[in-house]
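In what follows, a single structure is set out as structure tokens and then discussed.
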Amino acid sequence: MKRILIIDDKETIATIISYYLSSEFETIWFGNPIKAIAWLQEGNIPDLIISDIMMPEMRGDTFLKFIKSSDLFKSIHVLMLSGEDSTSERIRLLSEGADDYIVKPFNPVELKVRVKKILA
């Protein structure tokens with residue numbers, strides 16, 4: 001079973017994502033990227049990371065740069081979630097290595113389809 005790491009400071013968002021994906025994927029949630037990095041550095045490698053952008057302690061775009069600059073983690077797929085529907089932000093994150101960008105509020109069924117396409 002493929003593993004998906006969810007990083008979002010809103011537990012309700014993570015719960016919704018897990019609910020829709022857990023029938024086909026193992027999901028793990030962290031409320032901030034710093035704890036997720038510690039988990040990754042323990043040798044846990046997910047197939048996909050779904051990360052919010054606006055979070056306290058560390059922003060999701062900073063986390064994306066960390067992942068994509070690491071030889072150990074750069075091959076992990078990353079899907080970014082944002083409350084901001086900005087074309088320039090979407091283009092920037094996709095050019096920095098994100099595999100996809102979904103605007104909140106999102107349709108969980110669409111999210112699942114996009115996840116399956118990334119992991120196909």
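Side-chain contact between R59 and D52 is absent, with no heavy atoms from C-beta onward closer than 4.5 Å. Residues I28 and E26 form a side-chain contact, since some pair of their non-hydrogen atoms from C-beta on lies under 4.5 Å apart. Proximity of K68 to I76: side-chain heavy atoms (C-beta onward) are nowhere separated by under 4.5 Å. Residues I7 and K35 have side chains not in contact (no heavy-atom distance under 4.5 Å, counting atoms from C-beta outward). At a threshold of 4.5 Å between non-hydrogen side-chain atoms, the residues F25 and P46 do not count as touching. Within the 4.5 Å cutoff, the side chain of S82 has no heavy atoms near those of the L93 side chain. No side-chain heavy atom of Y20 sits less than 4.5 Å from a side-chain heavy atom of V115.
When atom types are taken as modelled, the side chain of D9 and the backbone of N32 share no donor-acceptor pair closer than 3.5 angstrom. No donor-acceptor pair closer than 3.5 Å links the side chain of S70 to the backbone N or O of I67. With hydrogens and angles ignored, the 3.5 Å screen pairs no side-chain donor or acceptor of K2 with any backbone N or O of D47. Counting only distance, with no hydrogens or angles, the side chain of D99 and the backbone of L79 share no donor-acceptor pair below 3.5 Å. When atom types are taken as modelled, the side chain of S18 and the backbone of A14 share a donor-acceptor pair closer than 3.5 angstrom. At least one donor-acceptor pair under 3.5 Å links the side chain of W29 to the backbone N or O of D8.
Linking Ile, Leu, Val, Met, Phe, Trp and Tyr residues whenever their side-chain heavy atoms come within less than 4.5 Å places F30 and I45 in a single cluster. Residues L119 and I6 are members of one and the same hydrophobic cluster, defined by side-chain heavy-atom contacts under 4.5 angstrom among Ile, Leu, Val, Met, Phe, Trp and Tyr. Put simply, L64 and I91 are part of two different groups of oily side chains (I, L, V, M, F, W, Y) that touch within less than 4.5 Å, one to the next.
Contact detail for P33 and M55: the closest heavy-atom pair is CG-CE, 3.3 Å. Of all the heavy atoms in D61 and M80, the pair that sits closest is N-CE, 4.1 Å. Closest non-hydrogen pair, G60 versus S51, comes out as CA-OG, 3.9 Å.
Here the CE-OG distance, from M1 to S22, works out to 8.5 Å after rounding to the nearest 0.5 Å. A distance of 10.0 Å separates CZ in R90 from CD1 in I102, rounded to the nearest 0.5 Å. Atom CD1 of I4 and atom CD1 of I17 lie 9.5 Å apart (nearest 0.5 Å). Note that CG of N107 and NZ of K112 are 12.0 Å apart. Values are rounded to the nearest 0.5 Å. Atom CG of residue L81 and atom CG of residue L111 lie 6.5 Å apart, to the nearest 0.5 angstrom. The structure places CG of L40 at 6.0 Å from CG of L5, a figure rounded to the nearest 0.5 Å.
Summarising the local packing, CD of E42 is surrounded by more than 12 heavy atoms from other residues, nucleotides or ligands at distances under 6.0 Å.
Considering L48, I50, L21 in turn, L21 is the only one that fulfils the side chain to side chain contact (heavy atoms under 4.5 Å, CB included) rule with T27.
Between K104 and E84, none of the side-chain N atoms (NZ, or NE/NH1/NH2) sits under 4.0 Å from a carboxylate O, so this pair counts as no salt bridge. The pair R114-D100 meets the salt-bridge criterion, since a charged nitrogen lies less than 4.0 angstrom from a carboxylate oxygen.
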Discussion item. Applying side-chain contact (heavy atoms from CB on, under 4.5 Å) to M58 and I37, what does each step give before you reach the verdict?
Written reply: CA-CA 11 Å; M58 177 187 276; I37 288 170; 3.9 Å; yes
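Residues in residues 48-106 take part in no ring pair (Phe, Tyr, Trp, His ring centres under 6.0 Å) pair, two or more places apart or across chains.
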